[in-house]
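Note on naming: letters A, B, ... go to the chains in the order of the sequence lines (proteins, then strands), and numbering restarts at 1 for each one.
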Protein chains: 2
Amino acid sequence: MSLKLKNISSLPPSDLNKKKIEAKTIDMVIKIGELQHRLYAEGKQSLLVVLQGMDASGKDGTIKTVFADCNPSGIDAYAFKKPTEEEFAHDFLWRIHQKTPRKGNIMIFNRSHYEDILIQRVHKWITDDHAEKRMKSINAFETLLENDNNTKVLKFYMHISPERQQEKLQERIDDPTKNWKHKAADWDENDKWEEYMKCYEYAINNSTIAWHVAPCDKRYYRNYFIAKVVLETLENMNPTLPLLDKTDVGA
Amino acid sequence: MSLKLKNISSLPPSDLNKKKIEAKTIDMVIKIGELQHRLYAEGKQSLLVVLQGMDASGKDGTIKTVFADCNPSGIDAYAFKKPTEEEFAHDFLWRIHQKTPRKGNIMIFNRSHYEDILIQRVHKWITDDHAEKRMKSINAFETLLENDNNTKVLKFYMHISPERQQEKLQERIDDPTKNWKHKAADWDENDKWEEYMKCYEYAINNSTIAWHVAPCDKRYYRNYFIAKVVLETLENMNPTLPLLDKTDVGA
């Protein structure tokens, strides 16, 4: 059964108490920090968090909030921009593969390999056939990370309504502290909203590793939703602090 | 139908004239150099040559001879050694992917990702199930290179008899100019010959992209055989020198 994004709300459930949700989020952020420390010390598994969404859907804010309590030694975030000439001279996964997390680490992708079947498909820079081949390559690539490096791949679609996006893009113009994020081109991409949604749905419906659709119209709920999934994932990975073997200390 | 290496001769056909074969090889090596120049100038396709074989099967000599007339700007060879700590902390294709050729270039792998289902399997460092998963990942990876970067993947199994290998390993001891290649451990690996052959047969029989089994007992025929396949491959790729568009020179 294939998912349709317009059938999923980008708002929080109506009966929530914002203050309580924010307090719970803070608790979870602290626990995520604790588990990241254990993951790093254990050095046997890794976590790849993929954040994909339209402009202003909240990728930067999510990274800043949810992973606030992590030790930078064991976590990194990478924002994939327009490929360089050298990157374009290789297959689309070449630059992505280099940034995958080593054992013990968390890596957050702010945009990712999915752009290569999103913006490139919407603009018809690649054919549908090429996009389908890339989808197969993506599935094989993510499976490789899970099978061969104990890398848990956790993917979020940052679900925002076009109306809410407009408001947030406008904030970037009106609020001087947000001016740096403004790009006129973001408004143009907005004309292609429906086509983007179709390409996102294709990616979500054809992925071997399932996506989480995060309701992102409200920052507090977005942070809560994503922190909850990240925390549960780390709890399931259950990293354990290695203990000294007594023989190592001469006992 | 599955290939059995023991049914394939590692010697040249018996009716060959060595001098003529060597002369033909020199002609082909020059043509390979010309086509490499066109490939580089065109900048749209690339060639990945994978050389896999037992110790002393002739990988280094092949590289030196067959690609002797290529311009180093557009060709590189990389010898994969025991993985570093950083490489071991990632999936097995992580370090391999970084070395794939950019458009316009030739890359030669002296050993490759296949080691991860050869030496690792023979020594039982990975399970058979893990090796089978890796084989699937390899097929998807090579398909990605072909589909997404116009990379032709050309794989050679350097077929040598165990008796001929012994002779060549002995040469490394007897000939001071070859002493630098001697490693005592190579002789140990020799005890596992049959197991290596089984793992090679598995790789060859389960690859999506076909292998070339190069008879390597005689250097002159090995060079001829590989040069011929490389030349035919480059001819089929048919790289063309780009011509100036008249508008670019103001005509």
*Go through A:Gln98 and B:His97 one step at a time and tell me if the side chain to side chain contact (heavy atoms under 4.5 Å, CB included) criterion holds.*
CA-CA 8 Å; A:Gln98 294 179 31; B:His97 206 163; over 6 Å; no
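- Salt bridge A:Arg102/B:Glu85: present, at least one basic N to carboxylate O contact under 4.0 Å.
- In summary, the side chains of B:Asn147 and A:His130 do not present any donor paired with an acceptor at a separation below 3.5 Å, with no hydrogens or angles considered.
- With a threshold of 4.5 angstrom between heavy atoms, B:Phe88 approaches chain A through N, CA, C or O but not through any side-chain atom.
- If you measure heavy-atom distances from B:Ser137 to chain A, the contacts under 4.5 Å come from the side chain alone.
- If you measure heavy-atom distances from A:Arg95 to chain B, you find no contacts under 4.5 Å at all.
- Residue B:Lys4 places its NZ atom among 12 or fewer non-hydrogen atoms of other residues, nucleotides or ligands, all under 6.0 Å distant.
- Most heavy-atom pairs under 4.5 Å with chain B: of the set A:Arg134, A:Lys44, A:Lys136, this distinction falls to A:Arg134.
- Enclosure of atom NE2 in A:His37 is not indicated, since only 12 or fewer non-hydrogen atoms of other residues, nucleotides or ligands lie within 6.0 angstrom.
- Counted by atom type alone, B:His90 and A:Asp148 present zero donor-acceptor pairs between their side chains at under 3.5 Å.
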*asked:* Run the side chain to side chain contact (heavy atoms under 4.5 Å, CB included) test on A:Leu93 and B:Leu144 for me, step by step, so that the C-alpha distance in whole Å, both residues' side-chain angles and the decisive distance to 0.1 Å come before the verdict.
replied: CA-CA 8 Å; A:Leu93 290 174; B:Leu144 163 72; 3.8 Å; yes
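- Counting heavy atoms of neighbouring residues, nucleotides and ligands inside a 6.0 Å radius, atom OH of A:Tyr196 exceeds 12 of them.
- No part of A:Ile126 comes within reach of chain B, as not one of its non-hydrogen atoms sits under 4.5 angstrom from that chain.
- Between B:Lys103 atom NZ and A:Asp91 atom CG the span is 8.0 Å, to the nearest 0.5 Å.
- Looking at heavy atoms from C-beta onward, A:Phe92 lies out of side-chain contact with B:Asn149 at the 4.5 angstrom threshold.
- Shown here is B:Lys228, whose NZ atom has no more than 12 heavy atoms of other residues, nucleotides or ligands within 6.0 Å.
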